[in-house]
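By convention in this document, chain letters (A, B, ...) are assigned in the order of the sequence lines, proteins followed by strands, and residues within each chain are numbered from 1.
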Amino acid sequence: MTKQLLSGNEAIARGAWEAGVHVATGYPGTPSTEIIENLAHYAEVDVEWSTNEKVAFDVAYGASLAGARALVAMKHVGVNVALDSVMVTPFSGVHGGFVIVTADDPGMHSSQNEQDNRYLAKFAKIPMLEPSDSREAKEFVRIAFDISEQFDVPVFLRTTTRTAHSKSIVEIDEPHRHPPKTYTQNPQKHVVPIWGKRQRANIEARLARLETWAETFAGNTVERNSKKVGIITSGISYHYAKEVCPDASFLKLGMIFPFPKQLIEQFCSGVETTYVVEELEPFIEEYLRIQGVRNWKGVPNIVGKKALPVQFELSPDLVRTGLGGAESPKAFDGELSIPPRPPVLCPGCPHSGVYYVLHKLKAVVTGDIGCYTIGALPPFKALDTTFCMGAGIGNAFGMEKVHRNTMGNKLAAVIGDSTFLHSGIAPLIDVVFNKGIATVILMDNSTTGMTGHQQHPGMGRTIRGEETYAINYEQLLRSIGVQHIKVVDPYDLAATESAIRESMNLHAPSVVISRRPCVLLESEKSKVRHPYEVVEELCEECDLCLKIGCPAIDGSDTIPVIARERCIGCDLCAKLCKFDAIRPIPVEVPS
Amino acid sequence: MNNGQGKNLLFAGVGGQGILLVAELTARAAMHAGFDVKKTEVHGAAQRGGSVLSHVRFSERVHSPLSPAGEVDILLALEKLEGLRWAHFVRKGGFILLNDEERMPASLDTKPPEYPKDIETFLTGKGFQVQTINATSIATGMGNHRAANTLLLGAIAKRMGIADEHWIATMREGMSPKILDLNLRVFERGKELSLP
């Protein structure tokens, strides 16, 4: 058997392939993105980046109903987008095995919120598995497909940033062939609004059967050691607890919903104190308290969120301290100032041009999800809001309804190309339909930037690079009734400013398309670049060039310094300089 | 399975400096040497010039991919402030290798942030072994500033108890032929700079 060092996401992709997955879909979102990216390397699998998570879910579910094994992967908030579809599937069941990967982000490393999607398993009455490392990630995907087919229900596989993005050693297996079954019509099962009532009782009966199955599931493991301390845990938290409490007894739950009732009761009755070590919400703890589990003396003795935080990630340190162990060393920021290092827009980022203009115009700007959220930070401070995918346009329209006379010509919504196609079109139709005047700035950088350049329907390429139709935004906008469309290059600051100013002053819906590819795209990076420098004798130390927020310019001294190896020669800072002090570095001619 | 002594490592720096690459090389070299290994990192916003951190742990059996604070043997920082930010993870007497590079972080409010002074002196005073190497300038001189990460990796390679053959095999497997030669040379140069 071959061993490989795989991330949780790579292991899920490998496991799905080994389990014979036929169709895999998703929308990029940290920390789930690499699952679909890696599945695209297996030629046998039909893989797509879908328009959004709900579409991804519906496509994968359709494949399951048609008889194939299918997988859909998304980040925790992606499941919110898909939830309408998710909630019906326990009624309609599956045909081919169907796995939904939810990648949670405790600690909000790359997310707008923190939510514990274990509750969605309970909410939707869908079983959920939770691997603790890459080896289990690969194994649990296969098990999830099996459970799905055995119990006629989709199965959640829950990861967190720490399991998705940690690498550990995995033994890889050969793929099992799982050809799709034949499709048979079954409206009594699949036309839910008409026949759903008949299925309702089945959902409860299925859960009871799953609960029984969980009692003997090999992924729910018991390690009997200390009689004083028992730890119930799951996922990455198991490894933290194992590290700092090696002598404790452990019940590690590989299946987080439904719970193995008897196994839990037996475990708790064999120890004095049961500690529940779980990240985020008291999901396991609530169950133990409702069940009224007791220790070996017959009294309830559970310690959970009283000892461990409910917010952000756990760590070996937090678990050790929470369970009464020593305090860990603290960061030195009590003794020295250690300023945080927020992410910044890249040197030459096309968004910089737009944000420079919006700041200058003192616009009220509703934002959206992507790299461009950074526009809220200095020097731009150009964003009033950012919430979730596709929210900005609706938010702008709502503001306009309240303050049209005073704010109408100062109001804009910014949205990236991928986000616009994900969920920005419907709210823009609403603006047109209900006679709004909002200005939308569509920041088209020809990719899904934030998550690392995944293909989307505006790019003309599929996930495997095959050519496909590329959305023509101008045509799309016209067809939904937007009459005023301007296209600008955000490196042309004057044109960008006049386009945005004019559009905001119009009493009609308008869209400014700011069009320039992301500087990190290979096609851009391979271009010859001529870096700029500040000519000291000409510099008047006015710091105007710093207003473009370029991280290649160090403004901490009186005369700004441009880092030669990071400058891409976009010319934006030079355009701001009133003294012509920023110039391309003269090219050395070899003698 | 390697029963040799394991190590806890921390790699820190600013997005774009190649931190994740050297962390990956280390994890693979440890696996090549027969250790159990775990590595963890956070992607996403970190790629846009923010703080980047990766833990690598190898030994006979590794549980948590995150090292507990105070238990890291070696911290490699490609930027000084980032070294200071995570130095409390290093054990007393542990080793901190700093790249002689200071990058002012972007500000979160109108006031520009204050870059801490004398980071080496401060960390030495805390009981760590500290070494500073101007890796960026040496790597630039040798052909490409981007190889600073490999130079620093070379300078801690001996401390990790992983034999040379594993490092070289891992670099040959993981690097494109275009950059392999330079990186092998830079790695050797780093080894020459390592303190006893």
Side-chain angles (χ1 to χ4, degrees), chain A residues 3 5 7 30-31 33-34 105 107 109-111 133 161-162 165-169 236 238-244 246 313 315-317 320 328-333 335-346 349 371 374 377-379 381 450-452 520 549 551 554-556 565-566, chain B residues 14-16 24 27-28 31 36-51 55-56 62-71 79 81-82 84-92 103-110 112-119 122-123 126 136 140 145-146:
Chain A
K3 286 181 175 181
L5 186 66
S7 70
T30 314
T33 312
E34 299 84 5
D105 189 15
H109 293 289
S110 193
S111 305
D133 58 16
T161 302
R162 216 42 88 174
H165 284 170
S166 291
K167 288 197 172 183
S168 54
I169 296 173
I236 194 71
Y238 165 76
H239 293 288
Y240 299 156
K242 190 75 186 166
E243 168 107 18
V244 297
E313 284 192 286
S315 65
D317 301 290
R320 180 172 51 206
S328 302
K330 293 277 174 290
F332 296 121
D333 52 2
E335 300 166 63
L336 274 185
S337 112
I338 306 183
R341 189 181 296 278
V344 289
L345 294 178
C346 302
C349 175
C371 292
I374 295 168
L377 299 180
K381 295 196 278 181
M450 185 78 185
T451 44
L520 294 182
D554 182 352
S556 50
E565 72 281 0
R566 301 172 66 202
Chain B
V14 179
E24 177 79 16
R28 289 187 179 275
M31 181 179 159
D36 186 25
V37 56
K38 282 190 181 167
K39 182 191 98 154
T40 188
E41 66 205 27
V42 170
H43 326 189
Q47 288 173 350
R48 311 285 171 265
S51 290
H55 289 251
V56 176
V62 182
H63 273 292
S64 167
L66 290 170
S67 287
E71 294 184 22
E79 198 277 346
L81 172 59
E82 296 310 309
L84 176 64
R85 191 185 310 285
W86 302 106
H88 61 291
F89 269 79
V90 181
R91 66 173 165 78
K92 287 282 170 249
R103 284 205 197 168
M104 184 63 97
S107 125
L108 277 170
D109 48 48
T110 35
E114 200 179 308
Y115 199 96
K117 293 188 177 59
D118 299 325
I119 291 175
F122 175 81
L123 293 176
K126 287 285 164 194
T136 311
T140 308
H145 69 274
R146 299 188 61 84

Max heavy-atom pairs within cutoff under 4.5 Å with chain B, candidates A:P246, A:P340, A:P379, A:C371, goes to A:P340

Scored by heavy-atom pairs under 4.5 Å with chain B, the best of A:S168, A:P342, A:P31, A:S328 is A:P342

Taking the side chain as C-beta and beyond, is there a heavy-atom pair between [X] and [Y] under 4.5 Å?
X	Y	result
A:R341	B:E79	yes
A:E313	A:H109	yes
B:P65	B:H55	no
B:V62	B:V37	no
A:S7	A:H165	no
A:E565	B:T140	no

Is [X] in contact with chain B via its backbone, its side chain, both, or neither, using a 4.5 Å heavy-atom distance?
X	result
A:L336	side chain
A:K330	backbone
A:C349	neither
A:P551	neither
A:D133	side chain
A:L377	side chain
A:S337	both

Is a side-chain donor or acceptor of A:D317 paired with a backbone partner of B:A69 at a separation under 3.5 angstrom?
-> yes

Between B:Y115 and B:L81, is there a donor-acceptor pair closer than 3.5 Å when you use the side chain of the first and the backbone of the second?
-> yes

If you count heavy-atom pairs under 4.5 Å between each of [options] and chain A, which one has the most?
options	value
B:P113, B:G70, B:P68, B:A106	B:P68
B:M104, B:R146, B:M31	B:M31
B:K38, B:H145, B:E71	B:K38
B:E24, B:H63, B:E114	B:H63

Within 6.0 angstrom of B:K92 NZ, more than 12 heavy atoms from elsewhere = yes

Using non-hydrogen atoms and a 4.5 Å limit, figure out which bit of B:S67 sits close to chain A: side chain, backbone, both or neither.
-> backbone

